[in-house]
Amino acid sequence: MTKIAELNEISLQIAAELIKNNGTVVFPTETVYGLGANGLNSDACKKIFAAKGRPADNPLILHIAHIEQLAELTMEITETAEKLINAFFPAPLTLIFKKSQLVPDIISAGLDSVAVRMPAHKGARRLIELAGVPIAAPSANLSGSPSPTRAEHVTADLDGRVDMILTGDTGVFGIESTVVSLLGDYPVILRPGTITLEMLREVVKGTELDPSLLKQSQTLKPLAPGMKYKHYAPKAEVYVISEHYTQAEIDTIVSDFKSKKILVINENAESLAQNLYAHFRRADKDGYDIVLVKAVKAEDIGLAVMNRLLKAANYKLL
Ligand code: TXA
Ligand code: MG
């Protein structure tokens with residue numbers, strides 16, 4: 001049985017007890033819902049992989065409530081890391097460090113690194129604080145479906161598969177955190193998000209982008225294992241329409257698909273970040289065959305949106 005409760009101080013206490021006892025709890029963050037468990041216990045983390053049907057080669061993010069928790073999880077906090085932490089934490093930003101012995105192998109999926117994030121969401125931080133351990137949490141969807149940004153997305157995927165679901169606002173972002181590797185000389189964005197390349201470069205000039213992020217390639221292998229999967233996709237076929245098309249041209253494209261049931265999405269980058277996953281889930285629920293999404297400029301938050309969108313479309317552009 002899954003307990004479902006609105007996030008408040010009482011439900012947080014219950015949820016924290018569950019985490020301490022190596023159970024699983026879904027909780028909102030400022031990006032998407034997370035499926036959490038005690039990040040220092042392998043058996044607890046196994047339950048996350050089982051509940052999601054997640055491949056074992058995809059590592060998990062450890063969520064912390066206080067910056068001091070970083071030291072024991074990592075081998076070294078470099079000057080560059082400190083700059084980013086001071087500039088952004090708590091934030092929708094995940095940083096990758098060389099891992100310490102304390103981090104179970106199941107978290108890092110065999111890599112010698114660990115991803116850590118301090119969420120901006122107060123309720124999420126309170127849960128971590130009450131649990132007294134870092135909380136491992138991937139997005140709270142079944143592997144292969146879009147990340148959940150609304151409580152009903154979580155219950156559709158995970159009711160009956162986890163111990164507790166805390167419902168509440170996921171905040172304003174709607175797209176997963178920016179993942180940045182600190183293993184090389186300069187920070188490298190492995191997954192674009194709300195903390196943008198432009199924002200990171202203001203703090204550390206040399207910040208780079210994983211070259212595999214915006215194009216389909218046989219030779220470029222994404223540095224974040226999770227980015228190689230075709231997530232974020234609805235069952236309907238997704239096409240990206242060039243940002244230069246006019247409404248009349250879009251209407252012609254739609255009429256070319258004739259008898260198909262088509263959802264057309266034409267929104268700005270901010271609104272797409274917030275709503276894209278909800279649109280994808282709605283497309284499945286309402287039985288659309290095709291989803292056409294008008295492209296946005298791949299800059300600022302638009303970079304994260306286009307990354308998710310092109311993956312969902314399998315790089316099909318019209
Ligand atoms: O906003 C978010 O980041 C949400 C909320 C719940 O915090 N979490 C989330 O987790 O999106 P998940 O597991 O769905 O995505 C984590 C991504 C995956 O692509 C994974 O491969 C990558 O981060 N990752 C985790 N640890 C890594 C590591 N040590 N090295 C490289 N990539 C890593
Ligand atoms: Mg995910």
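When a ligand or atom number is given, it counts from 1 through the structure's own listing order. Positions are given from 1, in the same order as the sequence printed here.
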Inset, instruction - Looking only at distances, please establish whether an N/O atom of ligand 1 is found under 3.5 Å from an N/O atom of Ser139. - result: yes
Inset, instruction - Could you tell me whether the side chains of Ser271 and Gln274 share a donor-acceptor contact shorter than 3.5 Å? - result: no
Legend entry - N or O pair under 3.5 Å between Lys52 and ligand 1: no
Inset, instruction - Return a yes/no value for Thr29: is any of its N or O atoms, backbone included, closer than 3.5 angstrom to an N or O of ligand 1? - result: no
Inset, instruction - Using distance alone, with no hydrogens and no angle criterion, decide if Gln13 and Glu9 have a side-chain donor and acceptor under 3.5 Å apart. - result: yes
Inset, instruction - Run the numbers for me: atoms of ligand 1, each under 4.0 Å from some heavy atom of Ile96, listed by number. - result: 27 (C), 28 (C), 30 (N), 31 (C), 32 (N), 33 (C)
Inset, instruction - Compute whether any side-chain donor of one residue and acceptor of the other, for Ser177 and Thr31, lie under 3.5 angstrom apart. - result: no
Inset, instruction - Heavy atoms only: give me the nearest Glu6-Ser11 pair and the separation to one decimal. - result: O-OG, 2.7 Å
Inset, instruction - Could you tell me whether His63 approaches ligand 1 through its side chain, its backbone, both or neither, with non-hydrogen atoms closer than 4.0 Å? - result: side chain
Legend entry - Distance filter under 4.0 Å to Gly34 heavy atoms, resulting ligand 1 atoms: 6 (C)
Legend entry - Basic-acidic side-chain contact under 4.0 Å: Lys46, Asp43: yes
Legend entry - Under 4.0 Å to a heavy atom of Ser113 - the qualifying atoms of ligand 1, by number: 28 (C), 29 (N), 30 (N)
Inset, instruction - Using non-hydrogen atoms of the residue, decide whether Pro225 is closer than 4.0 angstrom to ligand 1. - result: yes
Inset, instruction - Output the list of atoms in ligand 1 that are nearer than 4.0 Å to some heavy atom of Leu111, sorted by atom number. - result: 28 (C), 29 (N), 30 (N)
Inset, instruction - Look only at interatomic distance and state if Gly226 has a nitrogen or oxygen under 3.5 Å from any nitrogen or oxygen of ligand 1. - result: yes
Legend entry - Shortest non-hydrogen contact between Leu7 and His121, atoms and distance: CD1-CE1, 4.4 Å
Inset, instruction - Using a 4.5 Å cut-off on heavy atoms from C-beta on, say whether the side chain of Val291 contacts that of Ile265. - result: yes
Legend entry - Distance-only polar pair, side chains of Asn22 and Asn38, donor-acceptor under 3.5 Å: yes
Inset, instruction - Compute the minimum heavy-atom distance from Arg54 to ligand 1 and say whether it is under 4.0 Å. - result: yes
Inset, instruction - Indicate yes or no: does an N/O atom of Arg117 lie under 3.5 Å from an N/O atom of ligand 1? - result: yes
Inset, instruction - Answer with side chain, backbone, both or neither: which part of Ala137 has a heavy atom less than 4.0 angstrom from an atom of ligand 1? - result: backbone
Inset, instruction - Could you list the atoms of ligand 1 found under 4.0 angstrom from a heavy atom of Asn58? - result: 18 (C), 20 (C), 21 (O)
Inset, instruction - Would you please say whether a donor-acceptor pair under 3.5 Å links the side chains of Thr29 and Arg117? - result: yes
Inset, instruction - Find out whether Thr24 and Leu18 are in side-chain contact, i.e. whether some heavy atom of one side chain is under 4.5 Å from a heavy atom of the other. - result: no
Inset, instruction - Using a cut-off of strictly less than 2.8 Å, determine whether Ser143 has an N/O/S atom near the Mg ion (ligand 2). - result: no
